[in-house]
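One structure is given here, and the rest of the page talks about it.
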Number of protein chains: 2
Amino acid sequence: MYELFFQQFNEKVPLTAEEQETIKTFLTPKKLRKKQYLLQEGDICKYIAFVEKGALKSYVIDEAGTERITQFALEGWTISDLYSFLTGEPATYLIDAIEDAELVLISKAAHEELLQQVPKYETYIRLQITGAYIALQRRLTSIISLPIEERYKNLTTLYPTIVQRVPQHMIASYMGLTPETLSRVRGRVTGRK
Amino acid sequence: MYELFFQQFNEKVPLTAEEQETIKTFLTPKKLRKKQYLLQEGDICKYIAFVEKGALKSYVIDEAGTERITQFALEGWTISDLYSFLTGEPATYLIDAIEDAELVLISKAAHEELLQQVPKYETYIRLQITGAYIALQRRLTSIISLPIEERYKNLTTLYPTIVQRVPQHMIASYMGLTPETLSRVRGRVTGRK
DNA sequence: TAGATTCCTTGATTTTGATCAATGCCTTAG
DNA sequence: CTAAGGCATTGATCAAAATCAAGGAATCTA
């Protein structure tokens, strides 16, 4: 249990056996069925979720009622509405499972205790957020500076697994496009050459 | 010297006088004239820069040779090419001053020493990046889920100072629009009502 | 297995923003 | 003080993506 979580943790910040045991006491496992919510509209986000297995997405609903995906999380990724989690304000994002999933949850109380008690946890979190920040910055830059086709190519080379496992209309949503447009872009990119 | 830097630091993580002195020894002041570079195409990013005074921007140049602004940094903000800074890879962003500026620089060596020696520095950095991450996420969400006019309104309410101090064509670049389009959007938003 | 969804694709039309072009204002440098 | 360059605006045209619409394949499910 928690194999992937600790594998990744140890890669970033090597832990002693005791440290690992201490951390374990603060974690909660959770299984989600496809389409089940981890976080619903307006709820307060109570957890940071690490994905051991399966896939989730976070998204907002725009005024037209369309789902706009802000993030995917496959195995090894972490997902949460961080603002809501940290401030206790109602969430702006929704999170649900796009495949049956197994999660490792860290509650707010656990998070705070861990920051106090285990210095390496703070380091882990710092590195984790730094990575997420850099990934987000890269994504934003590609949105404002690259033509759509390049963005799609980038996505397929950077995250091939996502493109393979996730339905295309979700990729379209994630890219801020309609499914029709993405389908045509794919035709151009994949089709010829 | 470093007033704003330490003011903000103390707001996030209160420091003792000694801690503050220790940190001071790792900081370097730097002044930049308008249009001067802090970081040029392909260089390795050697510093995290905190803005005490003035304004900078970071950007990329797209294939058409157009500047695409990824971030503004006014007083109290921090700017860097974090990926380049952390990995030592050549920078993907350029950074220059849009107004004469006074900076507080933290070099890579200083950063690493501070992480080792001053636990509160790690906390500061963690909080700093967390804030930046949340801001970036919010921006990305507004890009993929809101119509342009709402995005502009959001920007003016969230960062009125930026909209006031920065030339409009830079705001356009930051929003991924042409100056003409932003001008028309403004006409619609500001003009009527 | 039949029926219903979900998902992707393709075509025709409309809308939106980009591009091209010109003007006037304001700042600034010689 | 004057010329030049930077900046915002406005108009006309063009290009790209959204929308509207329909069809067909694949998957799930009763």
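Side-chain atoms are counted along with the backbone in the values below, which use heavy atoms only and exclude waters and symmetry mates. Residue numbers begin at 1 in each chain, while the letters A, B, ... track the order of the sequences.
Candidate nucleotides D:dT9, D:dA18, C:dT10 were compared by shortest atom distance to the side chain of A:Leu177, and D:dA18 ranks first. Each of C:dT6, D:dT10, D:dC7 was ranked by its minimum atom distance to the side chain of B:Glu180; first place goes to D:dT10.
For D:dA18, the OP1/OP2 oxygens have a side-chain nitrogen or oxygen of A:Thr181 closer than 4.0 Å. Between B:His169 and D:dG6 there is no side-chain N or O to OP1 or OP2 distance below 4.0 Å. Distances shown here put a side-chain N or O of A:Thr178 below 4.0 Å from the OP1 or OP2 atom of D:dA18. A:Gln168 has a side-chain polar atom (N or O) that falls below the 4.0 Å cut-off from OP1 or OP2 of C:dT9.
The residue among B:Gly176 and B:Lys34 whose nearest nucleotide of DNA chain C lies closer to the 5′ end is B:Gly176. Residue whose closest nucleotide on DNA chain D sits further toward the 5' end, between B:Met170 and A:Leu182: B:Met170.
If you check distances only, the side chain of A:Arg184 does reach the base of D:dT19 with a donor-acceptor pair under 3.5 Å.
Salt bridge absent: A:Asp96 and A:Lys35 never bring a charged side-chain N and a carboxylate O closer than 4.0 Å.
Going from atom CD of B:Gln137 over to atom CZ of A:Arg139 covers 9.0 Å, rounded to the nearest 0.5 Å. B:Phe50 CZ to B:Ile106 CD1: the interatomic distance, rounded to the nearest 0.5 Å, is 9.5 Å.
Considering only heavy atoms from C-beta on, B:Gln71 stays 4.5 Å or farther from B:Leu136 through its side chain.
Separating the CG atom of A:Asp62 from the C1' atom of D:dT19 is a distance of 14 Å, rounded to the nearest angstrom. Following rounding to the nearest Å, B:Glu67 (CD) and D:dC7 (C1') show an atom-to-atom distance of 14 Å. The NZ-C1' distance, from A:Lys35 to D:dT27, rounds to 12 Å in whole Å. Nucleotide D:dT10 holds its P atom 12 Å from the CZ atom of B:Arg188, rounded to whole Å. The CZ-C1' distance, from B:Arg186 to C:dG17, rounds to 18 Å in whole Å. Spacing between atom CD1 of A:Ile98 and atom C1' of C:dT6 amounts to 15 Å, rounded to whole angstrom units. Summarising the geometry, the separation between CD on A:Glu150 and P on D:dA16 is reported as 14 Å, rounded to the nearest angstrom. Rounding to whole angstrom units, CD1 of residue A:Ile171 and C1' of C:dT9 are separated by 17 Å.
A:Ser58 and A:Thr70 make their closest contact through OG-OG1, 2.6 Å (heavy atoms, listed as atom of the first residue, atom of the second, distance). The minimum heavy-atom distance linking B:Val163 with B:Ile171 is given by the pair CA-CD1, 4.0 Å.
Within 6.0 Å of NZ in B:Lys53 there are 12 or fewer heavy atoms belonging to other residues, nucleotides or ligands.
A:Tyr93 and B:Thr141 are linked by a side-chain donor-acceptor pair at a separation below 3.5 angstrom, with hydrogens and angles left out of the test.
Relative to the axis of its first five pairs, the axis of the last five pairs of the helix from C:dT1-D:dA30 to C:dG30-D:dC1 sits at 50°, rounded to 10 degrees.
Within 4.0 Å of B:Ile148, counting heavy atoms only, lie sugar-phosphate atoms of the nucleic acid but no base atom.
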